[in-house]
Amino acid sequence: QVQLVESGGGSVQAGGSLRLSCAASGYTSSSYCMGWFRQAPGKEREGIADIYTSDRSTYYADSVKGRFTISRDSAKNTLYLQMNSLKPEDTAMYYCAAEDIPCDVVLKGARVVAAREFGYWGQGTQVTVSS
């Protein structure tokens, strides 16, 4: 059973930076598509970035491309999301997710993988950006 635990959320002013972490354990496969999602109150969960652990291919939503960077430290089994130039509209609960399938197999023409394709989820970490 894969377990994911996010950390690193907090409050920051607009223009600032945060780095989220997602510690993973219980892997049964050697390769996973891993993603970051966010959900603001009253809004649908939004996929923002994915990475395939096997070849480190990355995928980004237009809303964060150029500002956010997804990466993974395989030695630490930890997924990261470096968030720069934060905006108030980035305020949300952020979740990491994983599934043992190549990201490009489930992209289906989209920029990022849909939430329904992921079977493993963390509990989330809150990010609040003030103006």
Quiz item: How about E6 and S21: does a side-chain donor come under 3.5 Å of a side-chain acceptor?
Solution: no
Quiz prompt | Inter-residue atom distance R38.CZ - M83.CE, 0.5 Å rounding | solution = 9.0 Å
Quiz prompt | From Q123 atom CD to M93 atom CE, the distance as rounded to the nearest 0.5 Å | solution = 8.5 Å
Donor-acceptor pair, distance only, cut-off 3.5 Å: does the side chain of [X] make one with the backbone of [Y]?
{"X": "E99", "Y": "G119", "answer": "yes"}
{"X": "T78", "Y": "D73", "answer": "no"}
{"X": "R56", "Y": "R72", "answer": "yes"}
{"X": "T125", "Y": "G9", "answer": "yes"}

Quiz prompt | Plane angle bin for W121 and Y95 - parallel if under 30°, tilted between 30 and 60°, otherwise perpendicular | solution = perpendicular
Quiz item: Should the pair Y94 and F68 be assigned to parallel (<30°), tilted (30 to 60°) or perpendicular (>60°) ring geometry?
Solution: tilted
In terms of hydrophobic clusters joined by side-chain contacts under 4.5 Å, are [X] and [Y] together?
{"X": "I48", "Y": "L79", "answer": "yes"}
{"X": "I101", "Y": "L107", "answer": "yes"}
{"X": "I70", "Y": "M34", "answer": "yes"}
{"X": "F118", "Y": "Y120", "answer": "no"}

What pair of heavy atoms forms the shortest contact from [X] to [Y], and how long is it?
{"X": "R67", "Y": "S85", "answer": "NH1-O, 3.0 Å"}
{"X": "L4", "Y": "A24", "answer": "CD2-CB, 3.6 Å"}
{"X": "V113", "Y": "F37", "answer": "O-CZ, 3.4 Å"}
{"X": "S57", "Y": "Y59", "answer": "CB-OH, 3.6 Å"}
{"X": "P88", "Y": "S131", "answer": "CG-CB, 3.9 Å"}

Self-check item: Summary of disulfide bond (SG atoms under 2.5 Å apart) pairs that have at least one residue in residues 97-131, sequence neighbours excluded
Solution: C33-C103
Quiz item: Can you tell if the side chain of W36 reaches within under 4.5 Å of the side chain of I51, non-hydrogen atoms only?
Solution: no
Quiz item: Is there side-chain contact between Q13 and L86, with at least one heavy-atom pair below 4.5 Å?
Solution: no
Practice problem: Evaluate the side chain to side chain contact (heavy atoms under 4.5 Å, CB included) criterion for residues Q82 and S17: first the C-alpha distance (whole Å), next the side-chain angles of each, then the deciding distance (0.1 Å), finally the verdict. | Solution: CA-CA 7 Å; Q82 178 66 45; S17 299; 4.0 Å; yes
Quiz item: For E46 and S63, what are the C-alpha separation, side-chain angles and deciding distance, and is it a side-chain hydrogen bond (donor to acceptor under 3.5 Å, both in side chains)?
Solution: CA-CA 10 Å; E46 174 192 14; S63 58; 3.0 Å; yes
Quiz item: Taking L18 as the fixed residue, which of V127, V129, D90 is the one that meets the side-chain contact (heavy atoms from CB on, under 4.5 Å) rule?
Solution: V127
Practice problem: Provide the full list of salt bridge (charged side-chain N to carboxylate O under 4.0 Å, His left out) pairs with a residue in residues 106-116, sequence neighbours left out, each pair given once. | Solution: D62-R111, K108-E117
Quiz item: With a 6.0 Å cut-off on ring centres, are Y32 and Y52 close enough?
Solution: no
Self-check item: Trace of the side chain to side chain contact (heavy atoms under 4.5 Å, CB included) decision for T128 with V12
Solution: CA-CA 6 Å; T128 303; V12 64; over 6 Å; no
Quiz item: Yes or no on side chain to side chain contact (heavy atoms under 4.5 Å, CB included) for Y27 and D100, after CA distance, side-chain angles and deciding distance?
Solution: CA-CA 9 Å; Y27 282 133; D100 57 347; over 6 Å; no
Quiz prompt | R19 to Y80, cation-pi by 6.0 Å centre distance and 45° axis angle | solution = yes
